[in-house]
Amino acid sequence: MTPAVTFLEQHRVAFELLSFVHDANNENYGKEVVDKLGLPINAVFKTLVLTTAEHDFVVAITPVSQQVNTKALAKAAKTKKVSMAAAADVQRVTGYVLGGVSPFAQKKKLTTFVHEAALSEATIYVSGGKRGVEIAIAPQHLVAVLKANLACF
C-alpha cells in the first residue's frame with residue numbers, strides 16, 4: 001500500500017490501518033483526521049520535519065493539538081535552534097507530501113524525536129504515508145522500531 005505499511009509489515013510491528021476520504025481543500029490535516037475518524041485529539045500525532053542550525057533535518061512526532069516548542073526540541077537535538085523545513089525539503093528527504101508524512105520508511109534516516117505525551121496513550125495515530133491513511137500503533141512500538149528519542153517539546 002504505502003512504504004510505511006510495508007516497513008511495519010517487514011518489521012513485524014503490530015498496527016491497524018484506518019482510512020478516510022481526504023478533502024483536497026482541507027489543509028488542517030490533523031484536525032481532519034480527528035474529525036473524520038472520530039479519534040481522541042490527544043492520541044493523534046503529526047510528523048513534522050525541521051531544520052537544525054547545522055542544516056540537518058530532524059523529525060518531531062507530536063500531538064496535533066500542540067505546537068512544537070522549538071527551543072525545547074533544539075535542546076533535545078543538541079543544536080542552537082530548529083525551524084520548520086520547507087515543503088519541498090520535506091518531500092525530498094522523506095518521500096512524502098505534507099499531510100501524508102509518515103514517520104516510517106522515509107527516504108533518508110533522520111534523527112527522530114517523539115513527544116513524551118505519546119507514552120500516556122495506549123494507542124497513537126500517525127500518518128500512514130498518504131493523505132487519508134492513518135496508522136494506529138502502540139507508542140512504545142513506534143519508538144522502538146524508529147529508534148526514536150523521547151523528549152518533551
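All of these numbers come straight from a predicted model, not from anything done at the bench. All residue numbers in this chain count up from 1 along the given sequence. No hydrogens, no waters, no symmetry mates; every other heavy atom, side chains included, goes into these values.
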*Asks:* Answer whether the closest heavy-atom distance between the side chains of V93 and Q106 falls below 4.5 Å.
*Replies:* no
*Asks:* Could you pull out the closest heavy-atom pair between G128 and A4, with the gap in Å?
*Replies:* O-CB, 3.5 Å
*Asks:* Grab the two heavy atoms, one from P3 and one from A105, that are nearest each other, plus how far apart they are.
*Replies:*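 Nearest heavy atoms, P3 then A105: O-CB, 3.4 Å.
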*Asks:* Rounded to the nearest 0.5 Å, what's the gap from CZ on F15 to CD1 on I135? Could you check?
*Replies:*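 It comes to 6.0 Å.
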*Asks:* Examine F45 together with H115 and report whether their ring centres are nearer than 6.0 Å.
*Replies:*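 No, the ring centres sit 6.0 Å or more apart.
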*Asks:* Using side-chain heavy atoms (C-beta onward) and a distance below 4.5 Å, is T111 in contact with T52?
*Replies:* no
*Asks:* Test T112 against V58 for side-chain contact (heavy atoms from CB on, under 4.5 Å), laying out the working first.
*Replies:* CA-CA 6 Å; T112 300; V58 295; over 6 Å; no
*Asks:* Would a 4.5 Å heavy-atom cut-off, applied to side chains only, mark M84 and T51 as touching?
*Replies:*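 No, too far: nothing below the 4.5 Å cut-off.
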*Asks:* With side chains defined as the heavy atoms from C-beta onward, is the minimum distance between F57 and L50 less than 4.5 Å?
*Replies:* no
*Asks:* Do the side chains of V82 and L150 join up, straight or via other hydrophobic residues, at under 4.5 Å, putting them in one cluster?
*Replies:* no
*Asks:* Would you call the rings of H22 and Y29 parallel, tilted or perpendicular, taking 30° and 60° as the class edges?
*Replies:*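 Aromatic pair H22/Y29 classed tilted.
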*Asks:* For a quick test of reading the model, state the closest non-hydrogen atom pair linking A118 to P139 and the distance between them.
*Replies:* O-CG, 3.2 Å
*Asks:* If you look at every heavy atom in A53 and K80, which pair is closest and at what distance?
*Replies:* CB-CB, 4.2 Å
*Asks:* Contact between L142 and L146 at the side-chain level, heavy atoms closer than 4.5 Å - yes or no?
*Replies:*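 When only atoms from C-beta onward are counted, L146 and L142 do touch, with a gap below 4.5 Å.
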*Asks:* Between atom CD of Q91 and atom CG of L98, what is the distance when rounded to the nearest 0.5 Å?
*Replies:* 8.0 Å
*Asks:* Find the distance between CG (L73) and CG (N149) and round it off to the nearest 0.5 Å.
*Replies:* 10.0 Å
*Asks:* If you round to the nearest 0.5 Å, how far is NZ of K108 from OG1 of T94?
*Replies:*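 It is 11.0 Å, given to the nearest 0.5 Å.
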*Asks:* Looking only at heavy atoms, which two atoms of T2 and K130 are closest? And how far apart?
*Replies:* CG2-CB, 4.2 Å
*Asks:* How many angstroms lie between atom CG of N42 and atom OG of S120, to the nearest 0.5 angstrom?
*Replies:*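 Atom-to-atom, N42:CG and S120:OG are 7.5 Å apart.
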*Asks:* Verify the cluster assignment for V114 and Y96: are they in a single hydrophobic cluster under the rule of side-chain heavy atoms below 4.5 Å apart?
*Replies:*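 Result: yes, single cluster for both.
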*Asks:* Quick check: is Y125 connected to I61 through a chain of hydrophobic side chains (ILVMFWY, heavy atoms under 4.5 Å apart)?
*Replies:* no
*Asks:* When you look at NZ of K78, are more than 12 heavy atoms from neighbouring residues, nucleotides or ligands closer to it than 6.0 Å?
*Replies:*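 No, not enclosed.
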*Asks:* Linking I/L/V/M/F/W/Y whenever their side-chain heavy atoms sit closer than 4.5 Å, directly or via other members, would I124 and L39 fall into one cluster?
*Replies:* no
*Asks:* More than 12 non-hydrogen atoms from neighbouring residues, nucleotides or ligands closer than 6.0 Å to NZ on K46, yes or no?
*Replies:*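 Counting other residues, nucleotides and ligands, NZ of K46 exceeds 12 neighbours.
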*Asks:* Give a yes or no on whether K75 atom NZ has more than 12 heavy-atom contacts from other residues, nucleotides or ligands under 6.0 Å away.
*Replies:* no
*Asks:* State whether the side chain of H141 and the backbone N or O of I137 hold a donor-acceptor pair below 3.5 Å, judged by distance alone.
*Replies:*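 Side chain of H141 to backbone of I137, a donor-acceptor pair under 3.5 Å: no, none is there.
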*Asks:* Do V13 and F104 come close enough that some side-chain heavy atom pair is under 4.5 Å?
*Replies:*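 Side chain of V13 against side chain of F104, heavy atoms only: no contact under 4.5 Å found.
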*Asks:* With distance as the sole test, does K36 use its side chain to make a donor-acceptor pair with the main-chain N or O of V21 at under 3.5 Å?
*Replies:* yes
*Asks:* Do the non-hydrogen side-chain atoms of D23 and E32 ever get within less than 4.5 Å of each other?
*Replies:*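 Counting from C-beta outward, D23 and E32 do come under 4.5 Å.
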*Asks:* If you take all heavy atoms of A43 and E121, which pair is closest and at what distance?
*Replies:* CB-OE1, 3.9 Å
*Asks:* Test side-chain contact (heavy atoms from CB on, under 4.5 Å) on S127 and V101 and set out the steps.
*Replies:* CA-CA 6 Å; S127 176; V101 178; 5.7 Å; no
*Asks:* Quick one: pull up CD in E9 and CE in M1 and give me the separation to the nearest 0.5 Å.
*Replies:*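 Here the interatomic distance stands at 10.5 Å.
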*Asks:* Give the C-alpha distance, both sets of side-chain angles, the deciding distance and a yes or no for side-chain contact (heavy atoms from CB on, under 4.5 Å) between V59 and F113.
*Replies:* CA-CA 6 Å; V59 173; F113 296 89; over 6 Å; no
*Asks:* Verify the distance criterion only: is there a donor paired with an acceptor across the side chains of T79 and E54 at less than 3.5 Å?
*Replies:*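 Distance-only check passes for T79 and E54.
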*Asks:* Do L110 and V68 land in one hydrophobic cluster if side-chain heavy atoms of ILVMFWY residues count as linked below 4.5 Å?
*Replies:* no
